[in-house]
Amino acid sequence: MPGALVDHPMSVAESCLQRNAWVCPEYVTTRQDILLDALVDHVGLTFAAVLLGLVVALPLGVLASRSALVETGASAVATVLYTVPSLAMFPLLLALGLPFGPSIVVVGLAIYSLGILLRNIVVGLQQVPADTLDAAAGMGLSARRRLWSVELPLALPAILAGVRIATVSTVALVTVGGLFGYGGLGNRIIIGLNSRFNAEVLTATVLVVVLALALDGLLLLLERRVTPWSRERAA
């Protein structure tokens, strides 16, 4: 009732910040610099972790695709590491002597992405048709040239699919780094939870989801751009 609103002017004047509302555009407009910094940190941590995981997984995957013994051992180690809870992974790395800082988050998340990337690299390389490899060998290509000119390009769709999964997974896991002060948007979620600042918690959480979807979409476009033959083969 209009009359009731006049009788309680404070209820009209209260902003969403004052009401501690979950959905609060005023929070976004007044804290956009803080959110942007957290978003940039989140993207940087994600990119560094996936890149580090890919640098380790690629040569290991090539070896595993050529040796059943290496594949079994590497897959077993990666699976065991993947099962370590994220809350325990970072203290474990500290105990192993890794210095406290962003590097501990990057290394921890790279370990998680390693399992995903390794599996996709091995599967992609093992799916290269044997007659294609025979034809490349018949043309006089060395093993190294066959790898770079034939095997890796044909395995690229599977590898990029692994990169997409690892990236989305890492975007979510970066938030755990907020417990150590290096979690990008996760920092805002932790701070919001501790101060019971609802708008900060919800806004940072939504941004994490949007970031994951955006990066997945960009990687999907990249995959379609660099591997047009995979769509033609599927059709």
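In what follows, every heavy atom counts, from backbone to side chain, and hydrogens, waters and symmetry copies are set aside.
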Just by distance, do the side chain of [X] and the backbone of [Y] share a donor-acceptor pair under 3.5 Å?
X: S67; Y: L63; value: no
X: S169; Y: I165; value: no
X: Q127; Y: G124; value: no
X: N198; Y: A21; value: no

Is [X] linked to [Y] within one hydrophobic cluster, defined over Ile, Leu, Val, Met, Phe, Trp and Tyr using a side-chain heavy-atom separation of less than 4.5 Å?
X: L222; Y: L211; answer: no
X: L125; Y: L60; answer: no
X: V176; Y: I190; answer: yes
X: V55; Y: V107; answer: no
X: V206; Y: V23; answer: yes

Rounded distance (nearest 0.5 Å) linking atom [atom1] of [X] with atom [atom2] of [Y]:
X: I104; Y: M89; atom1: CD1; atom2: CE; answer: 10.5 Å
X: L87; Y: L179; atom1: CG; atom2: CG; answer: 6.0 Å
X: I34; Y: R188; atom1: CD1; atom2: CZ; answer: 5.0 Å
X: L156; Y: N120; atom1: CG; atom2: CG; answer: 11.5 Å
X: L154; Y: T227; atom1: CG; atom2: OG1; answer: 11.0 Å
X: E200; Y: L35; atom1: CD; atom2: CG; answer: 7.5 Å

For atom [atom1] of [X], is the number of surrounding heavy atoms from other residues, nucleotides or ligands below 6.0 Å larger than 12?
X: R66; atom1: CZ; answer: yes
X: L96; atom1: CG; answer: yes
X: F197; atom1: CZ; answer: yes

Work out which heavy atom in [X] is nearest to a heavy atom in [Y]; give both atom names and the distance.
X: I189; Y: A204; result: CG1-CB, 3.5 Å
X: E26; Y: C16; result: CB-SG, 3.6 Å
X: T79; Y: S75; result: OG1-O, 2.7 Å
X: V50; Y: S113; result: CA-OG, 4.3 Å
X: V80; Y: T83; result: O-OG1, 2.5 Å
X: P157; Y: E223; result: O-OE2, 3.9 Å

Do [X] and [Y] make a side-chain contact, defined as non-hydrogen atoms from C-beta onward lying under 4.5 Å apart?
X: D216; Y: V171; answer: no
X: N187; Y: D41; answer: no
X: V163; Y: L117; answer: yes
X: I111; Y: L93; answer: yes
X: T170; Y: Y112; answer: no
X: T167; Y: R164; answer: no
X: I121; Y: I159; answer: yes
X: V201; Y: W22; answer: yes

Aromatic rings F180 and F100: how do their planes relate, parallel, tilted or perpendicular, breaks at 30° and 60°?
tilted
What do the steps show when you test L147 against L152 for side chain to side chain contact (heavy atoms under 4.5 Å, CB included), and what is the final call?
CA-CA 6 Å; L147 173 65; L152 286 176; 3.9 Å; yes
Verify side chain to side chain contact (heavy atoms under 4.5 Å, CB included) between L202 and Y27, making sure each step is shown before the conclusion.
CA-CA 11 Å; L202 183 61; Y27 167 76; over 6 Å; no
Under the side chain to side chain contact (heavy atoms under 4.5 Å, CB included) criterion, do T46 and L173 qualify, and how do the steps go?
CA-CA 9 Å; T46 299; L173 286 172; over 6 Å; no
